[in-house]
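Encoded as structure tokens, the structure appears first; notes follow it.
Numbering of residues begins at 1 and proceeds along the displayed sequence.
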Amino acid sequence: MKKVVATLLQLAVTVGLLVFLFHDPEKRAGMWNALVHADKRWLLLGLAIYSGVEVLGALRWHLLLKVQGIRLPFWRVLQLFMVGVFFNVFLPGAVGGDVVKIYYLLKETKGQQTAAFLTVLMDRLLGLVALIAMTALLLGPRYQAFLETPATRALLWTLLFIMANALGAIAFSIVVTACGWIDKLPARLPGRDKLVEMSLAYGLYGRAWRTSLAGLAVSALAHGCFFTTFYFAARAFTESVTWLNMMAVMPIVAVITSLPISISGVGVREGLFEKLLGDLHGVPGDTAVLISLTGFLVIVLWSAAGGLMYLFYRPSQHAALGEIIETVAEVEDEVAHPPPQP
């Protein structure tokens, strides 16, 4: 019931934001005019470069699976990865893509449930660490520019607050693991189960540090492809945004739209682009919104490809969403609460 209510709230926020963004007829006319005169070559480049996001993401996961002795062909891993992407975009309120990936991976890896589950967790951790590192690298030289207006300053502080908390949680989990305090944590400590899972992941991948570093590098490349997709979308409509400027803006967009505010970040993403590109680079509001929608459309198209892969996914049989959620929840509970050793 909580998930249903949360989804309905997200839907209401999404509709409200879209109405607010598109209620002005002059803005809609400006968007149509920009779309008519768009340079379609940049749109095709954006569609092509985004393929790197999915391929590199699957490659990172493939590396992590191999460390645990899970030998699946890369094409099979790519299928599983794309299925997860599809669910992330098209059914965000019902079931997350990671849950679906874990469920079907468990079907492919009998007897390796813990290792299979933790590869997905480590995959997310590497992506997060790479994003934090890239944010520091990209925003550092342009820090002062974001402080010049109240809106961009507020967005910058929001990003730094979120990332500081994420980095603090990772650092805390590493310290707790290194000191052997995991078993001493109170059973009712908020987030204890996640700390246990992260500790297990560190144990599994700490010895394979070369692979972990390779996964981190692949994550950075994937983020670069993702950010560049929106740069190409911008170039289709304007020349006032440079690649480095877009790379500095994208961490804020990526992090804030990942919060469960609206469905797939729709509405939130457009508002962020309108404010950031407008205040920092003088891009008209209609053009900024169109840049956001175009970049998101590229994501949707590639996600739809994941849906096609899901339709033809074999040999695993498709399962009901309720069964997927229940099965993965049971495995997660087993990982976080292993039976005592005799």
message: I need the minimum non-hydrogen distance between Val298 and Gly46, along with the two atoms involved.
response: CG1-O, 3.8 Å
- prompt: Is there a side-chain contact (heavy atoms from CB on, under 4.5 Å) between Leu125 and Met198 once you walk through the steps?
  reply: CA-CA 9 Å; Leu125 279 173; Met198 291 169 73; 3.8 Å; yes
- request: Without swapping roles, check the side chain of Thr287 against the backbone of Val283 for a donor-acceptor pair under 3.5 Å.
  value: no
query: Roughly how far, to the nearest 0.5 Å, is CD1 of Ile291 from OH of Tyr231?
result: 11.0 Å
- prompt: Could you walk me through whether Arg71 and Glu108 pass the salt bridge (charged side-chain N to carboxylate O under 4.0 Å, His left out) check?
  reply: CA-CA 10 Å; Arg71 305 289 178 177; Glu108 304 267 358; over 6 Å; no
field: Student check: side-chain heavy atoms of Met31 and Leu293 closer than 4.5 Å
entry: yes
query: Do side-chain atoms of Thr14 reach the backbone of Ser262 as a donor and acceptor pair under 3.5 angstrom?
result: no
task: Take atom CZ of Phe20 as the centre, draw a 6.0 Å sphere, and report whether it contains more than 12 heavy atoms from other residues, nucleotides or ligands.
output: no
message: Are the side chains of Met163 and Leu159 in contact, using a 4.5 Å heavy-atom criterion?
response: yes
task: For the pair Lys194 and Glu332, find out whether any cationic side-chain nitrogen is under 4.0 Å from an anionic carboxylate oxygen.
output: yes
statement: Taking every heavy atom of Phe232 against every heavy atom of Ile49, the minimum-distance pair comes out as CD1-CG2, 3.8 Å
- prompt: For Arg207, does the CZ atom have more than 12 heavy-atom neighbours from other residues, nucleotides or ligands under 6.0 Å away?
  reply: no
- line: Heavy-atom nearest pair, Val249 first then Leu276, reads CG1-CD1, 3.6 Å
task: Report the residue from Ile170, Val176, Leu118 that forms a side chain to side chain contact (heavy atoms under 4.5 Å, CB included) with Tyr202.
output: Ile170
field: Axial cation check for Trp61 ring with Lys66, 6.0 Å and 45° limits
entry: no
- prompt: Are any side-chain N or O atoms of Arg153 and backbone N or O atoms of Phe146, one a donor and one an acceptor, separated by less than 3.5 Å?
  reply: no
- prompt: Applying the 4.5 Å side-chain criterion to the ILVMFWY set and letting contacts propagate, would Leu126 and Leu137 be lumped into a single cluster?
  reply: no
message: Tell me whether Asp39 is salt-bridged to Arg235, with the criterion being a basic N under 4.0 Å from an acidic carboxylate O.
response: no
- prompt: How far apart are the C-alpha atoms of Tyr103 and Glu323, what are their side-chain angles, what is the distance that settles it, and do they pass the side-chain contact (heavy atoms from CB on, under 4.5 Å) test?
  reply: CA-CA 9 Å; Tyr103 177 83; Glu323 178 186 342; 2.7 Å; yes
- request: For Lys27, look at atom NZ and say whether over 12 heavy atoms of other residues, nucleotides or ligands are found less than 6.0 Å away.
  value: yes
task: Output the distance between atom CZ (Phe81) and atom CG (Leu59), rounded to the nearest 0.5 Å.
output: 10.5 Å
- prompt: Got a second to check how far Glu197's CD is from Ile182's CD1, nearest 0.5 Å?
  reply: 10.5 Å
- prompt: Can you say whether the rings of Tyr50 and Trp302 are parallel (under 30°), tilted (30 to 60°) or perpendicular (over 60°)?
  reply: tilted
- prompt: Arg269 side chain to Ser264 main-chain N or O, any donor-acceptor pair under 3.5 Å?
  reply: yes
- request: Give, for atom CG of Asp123 and atom CG of Asp98, the distance between the pair rounded to the nearest 0.5 Å.
  value: 7.5 Å
field: Nearest atoms (heavy-atom pairs only) where Gln68 meets Ala115
entry: CB-CB, 3.9 Å
query: When you measure from the side chain of Thr152 to the backbone N and O of Thr149, does any donor-acceptor pair fall under 3.5 Å?
result: yes
- request: Determine the minimum heavy-atom distance between Leu280 and Ala145, stating which atoms define it.
  value: CD2-O, 3.5 Å
message: Are more than 12 heavy atoms, taken from residues, nucleotides or ligands other than Arg41, located less than 6.0 Å from that residue's CZ atom?
response: no
message: Please verify the inter-ring angle class for Phe273 with Phe230; under 30° counts as parallel, over 60° as perpendicular, anything in between as tilted.
response: parallel
task: Report yes or no: do Val55 and Leu44 belong to one cluster of Ile/Leu/Val/Met/Phe/Trp/Tyr joined by side chain heavy-atom distances under 4.5 Å?
output: no
- request: Verify the neighbour count for atom NZ of Lys40: are there more than 12 heavy atoms of other residues, nucleotides or ligands below 6.0 Å?
  value: yes
query: If you measure from CE on Met134 to CG on Leu221, what distance do you get to the nearest 0.5 Å?
result: 8.5 Å
message: Looking at every heavy atom in both Leu105 and Ala116, which two are closest together, and how far apart are they?
response: CD2-O, 3.5 Å
message: Within the structure provided, determine whether Arg192 and Pro186 are in side-chain contact (heavy-atom separation under 4.5 Å).
response: no
- request: Assess whether side-chain contact (heavy atoms from CB on, under 4.5 Å) is satisfied between Glu274 and Ser292, documenting all intermediate values.
  value: CA-CA 8 Å; Glu274 184 173 13; Ser292 176; over 6 Å; no
- prompt: Stepwise, does the side-chain contact (heavy atoms from CB on, under 4.5 Å) test hold for Phe87 with Val99?
  reply: CA-CA 9 Å; Phe87 276 87; Val99 175; over 6 Å; no
statement: Between the OG1 atom in Thr211 and the CG atom in Leu64, the distance rounded to the nearest 0.5 Å is 8.0 Å
Trp42 side chain reached by Phe237 side chain, heavy atoms, under 4.5 Å: no
- prompt: Within the distance-only criterion (no hydrogens, no angle test), does the side chain of Arg60 pair as donor or acceptor with the backbone N or O of Leu216 below 3.5 angstrom?
  reply: no
